[in-house]
Amino acid sequence: MSNARPDQRTEARQDTRAEPYVRLERVTRKFGDFVAVDDVSLQIRRGEIFCLLGGSGCGKTTLLRMLAGFEQPTSGSIWIDGVDVTGLPPYERPVNMMFQSYALFPHMTVEQNVAFGLRQDRIPRAEIKERAGAMLELVRMREFAGRKPHQLSGGQRQRVALARSLVKRPKLLLLDEPLAALDKKLRQHTQFELINIQETLGVTFVVVTHDQEEAMTLASRIGVMNHGEIIQVGTPTDIYEYPNSRFVADFIGSVNLFEGRLVEDEPDYVRIASDELGGAFYISHGVSAAPGAVVWVALRPEKIQISREQPEGDGDNRIAGVVAEIAYLGDQSVYLVRLASGRQVRVTQPNIVRQGSAGRITWDEAVWLSWDATSPVVVTQ
Amino acid sequence: MGGRRSVFVVSMMAFGFAFLYVPILSMIVYSFNESRLVTVWGGFSTRWYAALLHNEQLLGAAQLSLKIAAINATGATLLGTLAGLALARFGRFRGRALLTGMVTAPLVMPEVITGLSLLLLFVALEQVIGWPAGRGITTITIAHVTFSMAYVAVVMQSRLATLDESLEEAAMDLGARPLKVFFVITLPIVLPAILAGWLLAFTLSWDDLVISSFVSGPGSSTLPIVVFSKVRLGVSPEINALATILVLIVTIGIVTAGMYMQRQERRRERDVQQAVAARG
Amino acid sequence: MKRFRLRAGRAAVSAVPALWLLLFFAVPFLIVLKISVSGMRLGMPPYEPLFTWATSLVLDLRIHLDNYAFLWQDPLYRNAYLNSLRVAAVSTLLCLLFGYPLAWGIARANPAWRNLLLLLIMLPFWTSFLLRVYAWIGILKNNGLINNTLLALGVIDEPIVMLQTDFAVYLGIVYSYLPFMVLPLYAAIEKLDMTLLEAAADLGCRPFRAFLTITVPLTWSGIVAGSLLVFIPAVGEFVIPALLGGPDSLMIGRVLWEEFFNNRDWPVASAVAIAMLVLLVVPIMVFQHVQGREGAVR
């Protein structure tokens, strides 16, 4: 509920055992033969910002539109705050949506747009004016109340759309690519503004986005979708550091994936031999896979050290190679290092010291790559 | 034929527009001709306009045509908007193919066929249920609504197809029921298209000769029917005067509408520029 | 319940125009078909009653063959059909040849001019069709504008006969239907991405070849829609041949009109209409297909 105080909300954010506020039970949506959403069960907690992340056509928008009531599930049910809303039309759901196109009514002023939802509920005129005004104040659009949408800039329209969708104090606010129409600078600024407003009002947000950076910034939890299925649900850290599959590891950020075989399986460590690497990974945590099984090791480029000298210590978690490509990006440099097996490995290094031309690792140089035993992640699917 | 304006395209355009306007201009010039012989210049005169104003037959027919055109335009706009709405918004429904077929066929159907078939229908209806009794304004109006609603439907369908559907979804999301969404959101936004559809239906009816000829009865001769019976006998200076007046009215109407739209457009552009400039 | 009400509302919205068109557009064709197989009689209406034929089905079948066999055997009707198709096809081609450069020029003009030019194309459409055709009489007749001018200039010694010829009919059709060709072409050309032609030129394609291999295929929907919007009504055109054509320039619309109004032979007029419809059924369906596809694109 919107009147949840910020402190309650913070609790909810941390309390992972909180009662699910939005519950999707085995929801499927088919369009003819095409399965847009495939047997999705999902729980969203009160007061959190939940991001549905995936590429285009992964079913995230269809899922959002089912929450709003624009699409009906082919099977399964949707519960919001303990009420089954599955068959309810959009105008009877305690849910509002902010559209990707903002969908501001072109023939109404900013104030009329914001008041529109309240007017549908036959709320007294004075109260409508007050609540619409307060909401415009919150998004800093009060002085534009008399303008028409086409007289506003993109960022201003976005704020009006946000005010309009929040004014009814929805139990759930759905945001469809809320920042996609803004330019990059404005987007970064607006992300934090969105979080602030969400924290002020305590409304539960469900955000659909294809932009992983946006998801990482906004979300308390992320659900990664592919082909109509939810692949993994977790905090941004979970998703990035502990991907549960090759798809998630590859979709979020960039990653080096190596195919390998489990050769030693102990409770506190595993060794995985990889022909692609031309060596073995020593990983300081157990995995649940049968010995000898084929697994994949995911290693993030920023977790690899690159050096001219051979690192100290024994033989695992290191490999020699030759620099094939370098891309200087300012804040960091990207190296593509070719291993003896022919495999190229991506390595990024922050440019902590100002770069000069002297002393830098350069093309065709022989180098050593090494990484910490905690860094690689083993995925079995 | 690249992006540059080739000599060929420019000369074709000049020729094309001359082709379209020379006949109209010749009618206007000849309408001020003193001579009854129309094509022989006999000096400037407005006598044919005076004659036109005293031609009871033409004036009566014009009045009848205006009345039919107005009723027709209103009915056709209503029915055509409903059809356009169904085609643009309801996705796949049973009978969609049939409705699409019946909406697009009148656009190209030769008028003689439509006219004949409607007359035979009216005659058969009169035999079987006694309505419509004889032929006149009612039958002409029904016939006109039937073919002009198709044009309105096409105009409305294409307008509604380009209307951002999320506007209607947003209204529904904010608690408005479908019927209310239509009246509060959809209708005001597509109003210009509805007006255009009304004018189109009005013009189609006002202009129709062939279908009216089939379904009109004694004493219900519309303006085109009277004009046709006159021009069949040859050129007539009064008809030139009539044409000039019609061209004048249409031109004034279209120029006014064009200027209004241009001003709206310019104001819009200025607003957008201000908005961009004001953004902090 | 709610779902049901929404569906009922939608059904009503689509049913009202559908029923209207069914009653006043579709059903009449069945009546035309029926009457085309009836015999003629004197009186009003001038055909045999609708509901007595059931008892003499065999007889009606013979009559049916009569009306259509009459159309087939009489060279007047056959020639009228062939002539209509020829006139419509040639006029359509001429409209396309004139209309394409015109539409191209408008679509590529700068935006300030573009709306004005479009308005100029549409303005004649808003003024009376009948009067515009009539205007050509004053231009084409023996002592009309063209002949008077040429005579005064001494180019010719005696008037060229232009009115009441096939030439006048072609001219009238091209003139009247040109806007119907230009507008769909304009819509298609306006959507065409000009960088495609630049890319073609960059890859070594000469302008004319680029026109054939890039422009024509990408504006094909406009070409088809415009051509059908001209061709189909032109086949059944009545006003233009009646005002500008000679007594021997027979077009099927005019034949139907005369059969109906002058000879008062409603069954034969109906048979003429049905035969015309059979000729046009394929073009009409192609048009509906093109139109439907345009409508489906959102």
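Just the heavy atoms: all of them, side chains too, but no hydrogens, waters or symmetry mates, feed the values below. Order of the sequence lines sets the chain letters (A, B, ...), proteins ahead of strands, with each chain counted from 1. All figures in this text were calculated on a predicted structure; none of them were measured in a lab.
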Is there a side-chain contact between A/Q120 and B/K180 (heavy atoms, below 4.5 Å)? yes

Is there a side-chain contact between A/P90 and B/L174 (heavy atoms, below 4.5 Å)? no

Tightest non-hydrogen contact, residues B/P178 and A/Y91, listed as CD-CE2, 3.2 Å

For residues B/M172 and A/E92, determine if any side-chain heavy atom of one lies less than 4.5 Å from a side-chain heavy atom of the other. no

Keeping the roles fixed (side chain from A/N96, backbone from B/D173), state whether a donor-acceptor pair exists under 3.5 Å. yes

Side chain, backbone, both or neither of A/F70 within contact of chain B (heavy atoms, under 4.5 Å): side chain

Is A/M98 in contact with chain B via its backbone, its side chain, both, or neither, using a 4.5 Å heavy-atom distance? neither

Audit row: A/R65, B/E169, side-chain contact (heavy atoms from CB on, under 4.5 Å) steps and yes/no: CA-CA 10 Å; A/R65 290 172 59 82; B/E169 286 179 351; 2.6 Å; yes

Return the option, out of A/H107, A/K148, A/R93, A/K168, with the maximum number of heavy-atom pairs under 4.5 Å with chain B. A/H107

Neighbourhood of chain A inside residues 184-192 of chain B, taking heavy atoms under 4.5 Å as contact: B/V184, B/I185, B/P188, B/I189

Can you say whether A/L118 sits under 4.5 Å from chain B via the side chain, the backbone, both, or neither, judging by heavy atoms? neither

Which bit of A/R164 comes within less than 4.5 Å of chain B, counting heavy atoms only: side chain, backbone, both or neither? both

